[in-house]
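Index from 1, following the sequence.
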Amino acid sequence: MTAPRTPAPVRKVFGRLSLPERTFVADALRTETVGGVLLLLAAITALIWANVPALHDSYESVGHYHLGPEALGLNLSVEHWAADGLLAIFFFVAGIELKRELVAGDLKDPKAAALPVVAALCGMAVPALVYTLTSLTGHGSSAGWAVPTATDIAFALAVLAVIGTSLPSALRAFLLTLAVVDDLFAILIIAIFFTSQIDFAALGGAVVGLIVFWLLLRKGVRGWYVYVPLALVIWGLMYNSGVHATIAGVAMGLMLRCTRREGEEHSPGERIEHLVRPLSAGLAVPLFALFSAGVAVSGGALGDVFAQPETLGVVLGLVVGKTVGIFGGTWLTARFTRASLSDDLEWADVFAVATLAGIGFTVSLLIGELAFAGDAAMTDEVKAAVLLGSLTAAILATVLLKIRNAKYRGMVEAEERDEDASGIPDIYEQDEPEYHLRMAAIHERKAAEHRRLAEEKLAARHALAEVTGRAGEEDHRRA
């Protein structure tokens with residue numbers, strides 16, 4: 001007779017993260033949250049600057065002011081520098097994040113990677129489909145199909161910071177990983193669909209520069225004074241090639257080593273990401289928002305968003321398409337991989353996070369500019385649609401997350417509880433004998449303290465009883 005098969009353990013969707021992954025996610029999201037708040041402030045500043053009549057002309061003149069060497073083909077407007085130059089830093093960080101996820105994070109394990117990858121793909125395909133159907137039904141242009149496909153992780157986390165919702169680390173990690181995969185496909189969309197004419201000489205020079213960049217990393221050459229000038233040359237060549245210059249950023253990010261060698265506390269990719277992420281989240285992305293989000297907002301302009309098929313498609317893509325795509329992709333993955341949802345969560349929580357992912361800002365604005373290049377009026381209308389769609393998604397997500405906020409607080413408190421003061425949350429030490437010995441010693445000290453207090457109170461009661469008894473005897477004698 002053959003021994004019965006042991007059933008495979010049921011994998012939990014959004015289960016507890018490992019301690020190293022939880023630490024990395026917490027650090028990354030802390031920086032992104034601060035950057036997201038700055039991004040939110042930059043967007044509000046841009047809207048005020050562009051809509052106050054006395055300031056509107058100065059906004060236009062600053063955004064269209066040109067600077068840079070004409071001989072190198074880099075005499076660009078400030079707005080152009082923000083979109084093609086500063087966002088290269090953002091995509092550089094995205095490249096490092098993606099590389100780390102592929103070699104050391106959740107995407108390393110195909111089973112664990114299936115969930116965010118499928119969710120991200122569905123979260124891009126469904127919004128594109130919603131936009132296309134809406135636009136074709138209204139006899140509009142299909143050029144903006146890619147606008148609602150992007151998720152802005154910084155803006156989403158800014159919303160979380162403002163409303164004070166404490167998402168459990170597993171849901172936050174899912175949101176971060178989803179955005180990383182989302183960024184990868186957004187980069188591919190930009191490279192494939194928004195590159196019209198290619199200067200092969202400049203592109204060849206950029207490729208040679210990338211090879212030199214990779215060889216220097218391989219040889220272990222160190223020093224910012226080597227890599228920063230080389231990166232600027234690669235970026236300039238990539239820009240002049242006709243391929244969107246942000247591709248240079250992600251390519252260099254993917255080349256960094258993100259695995260630790262013996263004796264290393266952090267890999268080179270982790271160190272550089274730690275240095276560059278604040279620059280990306282705190283400067284590059286907010287400045288891009290400042291010069292991209294300044295669109296005319298009025299009752300009539302907002303009404304026009306729902307009157308044109310292109311802009312209506314963007315709003316519906318972000319609000320409906322993103323939510324349905326990410327939630328549906330997550331549910332289908334869990335259904336067909338026989339995974340079960342974590343005991344502490346409900347599918348309503350996944351739906352709320354999917355709604356939050358409908359906040360598309362940075363990359364959506366960039367794709368909107370590329371999709372309708374040459375049509376300034378439509379570009380501004382699409383930007384207004386991105387702002388309105390993102391705002392609607394943020395409000396819906398806020399309502400849904402607030403309903404479960406008390407439950408989230410309890411989960412986060414349980415994740416962070418450290419009663420033995422070891423510096424490691426107790427939930428990660430449940431299988432360690434040393435942890436239980438420390439807790440036993442703590443309980444013994446507490447028990448000894450309680451015994452002492454009980455004995456003192458008992459002695460006080462006895463003393464009070466004796467005093468009361470003597471007073472009663474004296475009163476009886478007098479009587």
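Leu232 contributes atom CG, which lies 11.0 Å from atom CG of Leu237 (distance to the nearest 0.5 angstrom). In this structure, the separation between CZ on Arg277 and CZ on Phe90 is 10.0 Å, given to the nearest 0.5 Å. Rounding to the nearest 0.5 Å gives a distance of 8.0 Å between CD of Glu381 and CG of Asp375. With rounding to the nearest 0.5 angstrom, the CD atom of Gln308 is 11.0 Å from the OG atom of Ser141.
Within 6.0 Å of atom CZ in Phe213, more than 12 heavy atoms from other residues, nucleotides or ligands are found, so the atom counts as buried in its surroundings. Heavy atoms from other residues, nucleotides or ligands lying under 6.0 Å from NE2 of His66 number more than 12.
Between Phe91 and His244, the ring centre distance reaches or exceeds 6.0 Å.
Side-chain N or O atoms of Trp81 include one that pairs as donor or acceptor with a backbone N or O of Leu67 at under 3.5 Å. Between the side chain of Lys99 and the backbone N or O of Leu256 there is at least one donor-acceptor pair closer than 3.5 Å. Between the side chain of Asp182 and the backbone N or O of Ala120, no donor-acceptor pair lies under 3.5 Å. At least one donor-acceptor pair under 3.5 Å links the side chain of Tyr227 to the backbone N or O of Leu216. Arg271 places a side-chain N or O within 3.5 Å of a backbone atom of His266 that can act as its donor or acceptor partner. Remark: the backbone N or O of Glu346 is paired with a side-chain donor or acceptor of Asp349 at under 3.5 angstrom.
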Step-by-step side-chain contact (heavy atoms from CB on, under 4.5 Å) determination, Val382 to Phe372: CA-CA 9 Å; Val382 167; Phe372 296 100; 3.5 Å; yes

Intermediate values then yes/no, side-chain contact (heavy atoms from CB on, under 4.5 Å), Met238 and Leu203: CA-CA 6 Å; Met238 189 69 75; Leu203 182 60; 4.0 Å; yes

Verdict with supporting geometry, Thr330 and Leu115, side-chain contact (heavy atoms from CB on, under 4.5 Å): CA-CA 6 Å; Thr330 304; Leu115 181 68; 3.5 Å; yes

CA sep, side-chain torsions, deciding dist, call: Ile190, Leu366, side-chain contact (heavy atoms from CB on, under 4.5 Å): CA-CA 9 Å; Ile190 291 171; Leu366 175 63; 3.9 Å; yes

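Heavy-atom minimum distance, Gly329 versus Val118: O-CG1, 3.8 Å. Minimum interatomic distance between His274 and Pro278 (heavy atoms only, all atoms of both residues): O-CD, 3.2 Å. Ile359 approaches Ala394 most closely through the heavy-atom pair CD1-CB, 3.8 Å. The minimum heavy-atom distance linking Phe288 with Ala83 is given by the pair CD1-CA, 3.7 Å. Closest heavy-atom contact between Leu290 and Ala46: O-CB, 3.2 Å.
Of the N and O atoms on the side chains of Thr151 and Lys322, at least one donor lies less than 3.5 Å from an acceptor on the other residue. Between the side chains of Trp49 and Ser58, at least one donor-acceptor pair of N or O atoms lies under 3.5 Å.
Salt-bridge formation is detected for the pair Arg257/Glu264: a Lys NZ or Arg NE/NH1/NH2 atom is positioned less than 4.0 Å from an Asp or Glu carboxylate oxygen.
Classified by interplanar angle (parallel below 30°, tilted 30° to 60°, perpendicular above 60°), the ring pair Tyr59/Phe291 is parallel.
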